[in-house]
Amino acid sequence: MVSYKELGLVNSRDLFKKAVDGGYAIPAFNFNNMEQLQAIVSACVETKSPVILQVSSGARKYANQTLLRYMAQGAVQYAKELGYEIPIVLHLDHGDSFELCKDCIESGFSSVMIDGSHLPYEENIALTKKVVEYAHQHDVTVEGELGILAGIEDDVQAEHHTYTEPDEVVDFVTRTGVDSLAISIGTSHGAFKFTPEQCTRNEDGVLVPPPLRFDILEEIEKLLPGFPIVLHGSSSVPPQYVETINKYGGKLSDSIGIPEEQLRKAAKSAVCKINIDSDGRLAMTAAVREVFANKPAEFDPRKYLGPARDALKELYMHKTEKVLGSAGKA
Ligand code: G3H
Ligand code: 13P
Ligand code: ZN
């Protein structure tokens, strides 16, 4: 058993309290390789933002769970070397079993998500409660989920949103003891969150998706004042990345994300953790494609992964400074 405390990591409890009180959200960025981790850490150190490093079960399979844990430990030292100590959480994203959560807790994670959102309500409660009881013995914080996001979540695909029921939230939080809760108010995973038919065009001809269900969020805030809420599926799918990808041989069409103003509004409320993965994938892909197209003779991975890392860092700095408001809060 390795405690995250020995690794210099922190759990999310105090970070969330400060974020809710301060009207901003902590970025939760997924990583599964070195360049992503370097970009996340350097961007958050430079903007003095706390950060949640997220590892999905897919990432564990891709990169190896032991390597990822040591990389997160390395990230703590890397941040110090860069000259400013920021709080770093190592979080399991979309944990789907008690065993997986236990394994992460025992190998140094400071926070886990148990995602029982696809289970019948009482089963979600039972599983989440079991994880909370174990995690809290080790001072590890737990995120649960209630409501179903449309789109793909790991291997589970849902056609439509099942919005979170505010009344269930109180019962769920009370009975499970979770530290934070992911809710469904219209966000979804991936780069194709809305179809063009679901959107309207603004005066500049840009497709604008339907707004998030802030009414549900407000209702939850009324029932559970100050309780930390999490938004998954919060990539904005910046058009410049899609354009670059398509310009250099890619084929992405109708990719639409959550407008940044909506996320800024959410970050000012009880939403204190905002998950972003797809935007990073798009930024990296755009940068790599550009190098491949303009310098076809290049074959040193540092020559295309380096620019991808720079593009990612720029994206993450933009998120902490201009979208989540976490810059300067570390
Ligand atoms: O919510 C899912 C995250 O974007 C992680 O995706 O399961 O492909 O690693 P992944
Ligand atoms: P995006 O696909 O919108 O980046 O969401 C990521 C996420 O929710 C990870 O859990
Ligand atoms: Zn998610």
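One-based numbering, in listed order, for ligands and for the atoms of each.
Annotation: angle subtended at the Zn ion (ligand 3) by His94 NE2 and His189 NE2 is 100°, to 10°.
Side-chain contact between Leu223 and Asp167 is present, with at least one heavy-atom pair separated by less than 4.5 Å. Here the side chains of Asp171 and Ile125 are in contact, with some heavy-atom distance below 4.5 Å. A 4.5 Å side-chain heavy-atom check between Thr187 and Lys193 finds every atom pair outside the cut-off.
Below 3.5 Å of separation, one finds an N or O of His232 facing an N or O of ligand 2. Residue Ile276 has no nitrogen or oxygen atom sitting less than 3.5 Å from a nitrogen or oxygen atom of ligand 2, judged on distance alone. Taking any N or O of Asn30, backbone or side chain, none lies under 3.5 Å from an N or O belonging to ligand 1.
Per-residue contacts place Ser278 under 4.0 angstrom from the following atoms of ligand 2 (heavy atoms of the residue considered): 1 (P), 2 (O), 4 (O). Within the listing of ligand 1, atoms 3 (C), 4 (O), 5 (C), 6 (O) sit less than 4.0 angstrom from a heavy atom of Asp277. Near His94, meaning under 4.0 Å from one of its heavy atoms, ligand 2 places the atoms 10 (O).
Between the side chains of Glu46 and Tyr316, no donor-acceptor pair is found at a separation under 3.5 Å. In summary, the side chains of Arg69 and Gln73 do present a donor paired with an acceptor at a separation below 3.5 Å, with no hydrogens or angles considered. For the residue pair His136 / Asp179, a side-chain donor-acceptor distance below 3.5 Å is found, with atom types taken as modelled.
Cluster membership check: Leu181 does not share its hydrophobic cluster with Leu149, using side-chain heavy-atom separations under 4.5 Å among Ile, Leu, Val, Met, Phe, Trp and Tyr.
Ranking the protein heavy atoms by distance from atom 10 (O) of ligand 2 puts Asp93 OD2, 2.7 Å first. Atom 8 (O) of ligand 2 has its closest protein heavy atom at Gly233 N, 2.8 Å.
Proximity of Asn32 to ligand 1, defined as any heavy-atom pair under 4.0 Å, is not found for any part of the residue. Under 4.0 angstrom from ligand 2, the non-hydrogen atoms of Ser234 all belong to its backbone. At a 4.0 Å heavy-atom cut-off, ligand 2 touches Asn30 through the side chain alone.
In this comparison of Lys193, Lys273, His189, the heavy atom closest to atom 3 (O) of ligand 2 sits on Lys193. Compare Arg281, Lys61, Gln54 by their heavy atoms: the one nearest to atom 10 (P) of ligand 1 is in Arg281. Atom 9 (O) of ligand 1 has its nearest heavy-atom neighbour, among Gly58, Ala63, Ser188, Ser56, in Ser56.
A donor-acceptor pair is defined here as one N or O able to donate and one able to accept, closer than 3.5 Å; no such pair exists between the side chain of Ser12 and the backbone of Leu15.
When distances from the Zn ion (ligand 3) to the N, O or S atoms of His232 are compared, ND1 comes out shortest.
Across every non-hydrogen atom of Leu312 and Glu35, the tightest pair is CD1-O, 4.4 Å.
Atom OH of Tyr70 sits about 12.0 Å away from atom CD of Gln65, to the nearest 0.5 Å.
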